[in-house]
Trainee: 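I have a structure I would like to understand better, so I am pasting it below and will then ask my questions one at a time.
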Amino acid sequence: MTEVSSLTGRLLVATPALADPNFDRAVVLLLDHDDEGSLGVVLNRPTPVTVSDILAPWAGLAGEPGVVFQGGPVSLDAALGVAVIPGDEGPLGWRRVYGAIGLVDLEAPPELLGPALGSLRIFAGYAGWGPGQLESELGDGAWYVVESEPGDVSSPQPETLWRQVLRRQRGELAMIATYPDDPSLN
């Protein structure tokens, strides 16, 4: 079994068998995973709402496509900023989660972080699991757990991220990338 702390910074990729419509073909970046539960953001659910519509000061720093992403079904009225900052040290207002990926304090002045940001995504809401809930879903085969790459956070084509992440895996997982949207049409 995977050690609990080792899942922070990894991706949960929804299996084709996952029946929850909130997570159909979702790619979730785990921002926190411990014995108290898990929290992540769905990386491939862009909304039609632009960042300038809700967080205008951050709009110039948000990567393409420049929209807010639905981070998950929990707390849709709350915003989270996730940014990639290369190097060993991040600026004030950024907290490292894993590797070069970290959380941005959206209350901080954007000009404080702007020069250091490699990419920024704004998420409305998040995906959350209580203690043991994610482990249960993993045991049921609802998710593939794979390594994240900094470019996953800022993919310019988020609608293809599910297939991209699976395609770069070895063995059977790479073949899952070709799984049809509706297998009944085969």
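In what follows, residues are counted from 1 in the order of the sequence shown. We use all heavy atoms of the structure for the numbers below, so side chains are in, but hydrogens, waters and symmetry mates are not.
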Trainee: What residues, two or more places apart in sequence or in another chain, satisfy side-chain contact (heavy atoms from CB on, under 4.5 Å) together with Thr160?
Mentor: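 For Thr160 the side-chain contact (heavy atoms from CB on, under 4.5 Å) partners, ignoring immediate neighbours, are Gln157, Gln164.
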Trainee: Applying ring pair (Phe, Tyr, Trp, His ring centres under 6.0 Å), which residue pairs with at least one partner in residues 34-66 are found, sequence neighbours left out?
Mentor: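 Every candidate ring pair (Phe, Tyr, Trp, His ring centres under 6.0 Å) pair involving residues 34-66 fails, so no pair, neighbours aside, qualifies.
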Trainee: Quick one: list whatever passes side-chain hydrogen bond (donor to acceptor under 3.5 Å, both in side chains) with Asp152, sequence neighbours left out.
Mentor: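 Asp152 satisfies side-chain hydrogen bond (donor to acceptor under 3.5 Å, both in side chains) with Arg168 once adjacent residues are dropped.
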Trainee: Do you know the tightest heavy-atom contact between Ala116 and Ile85?
Mentor: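 Reported closest heavy-atom pair: O-CG2, 3.6 Å.
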Trainee: Show me the donor-acceptor pairs within less than 3.5 Å that the side chains of residues 63-81 make with the rest of the protein, sequence neighbours left out.
Mentor:
none

Trainee: Please identify each residue that fulfils side-chain contact (heavy atoms from CB on, under 4.5 Å) with Pro109, with sequence neighbours left out.
Mentor: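 side-chain contact (heavy atoms from CB on, under 4.5 Å) check on Pro109 returns Glu111, Leu112.
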Trainee: Can you list every ring pair (Phe, Tyr, Trp, His ring centres under 6.0 Å) pair that touches residues 78-97, not counting sequence neighbours?
Mentor: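 Those involving residues 78-97 do not exist here.
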Trainee: Under the side chain to side chain donor-acceptor pair (under 3.5 Å) definition, can you give me all pairs with a residue in residues 122-132, not counting sequence neighbours?
Mentor: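 The answer is Trp129-Glu137.
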Trainee: Tell me, please, which residues at least two apart from Asp105 pass side-chain hydrogen bond (donor to acceptor under 3.5 Å, both in side chains).
Mentor: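 Asp105: no side-chain hydrogen bond (donor to acceptor under 3.5 Å, both in side chains) contacts found.
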Trainee: Does any non-hydrogen side-chain atom of Asn44 lie less than 4.5 Å from one of Val165?
Mentor: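 With C-beta onward as the side chain, the pair stays apart.
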Trainee: Considering residues at least two apart in sequence or located in another chain, which fulfil the side-chain contact (heavy atoms from CB on, under 4.5 Å) criterion with Ala59?
Mentor: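 With sequence neighbours excluded, Ala59 shows a side-chain contact (heavy atoms from CB on, under 4.5 Å) to Val51, Ser52, given in chain and number order.
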Trainee: Scan residues 137-178 for pairs that pass ring pair (Phe, Tyr, Trp, His ring centres under 6.0 Å), counting only residues two or more places apart or in two chains.
Mentor: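 Listed by first then second residue: Phe23-Trp143.
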Trainee: Which residues satisfy the side-chain hydrogen bond (donor to acceptor under 3.5 Å, both in side chains) test with Asp20, sequence neighbours excluded?
Mentor: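 In terms of side-chain hydrogen bond (donor to acceptor under 3.5 Å, both in side chains), with neighbours along the sequence ignored, Asp20 is linked to Asn22.
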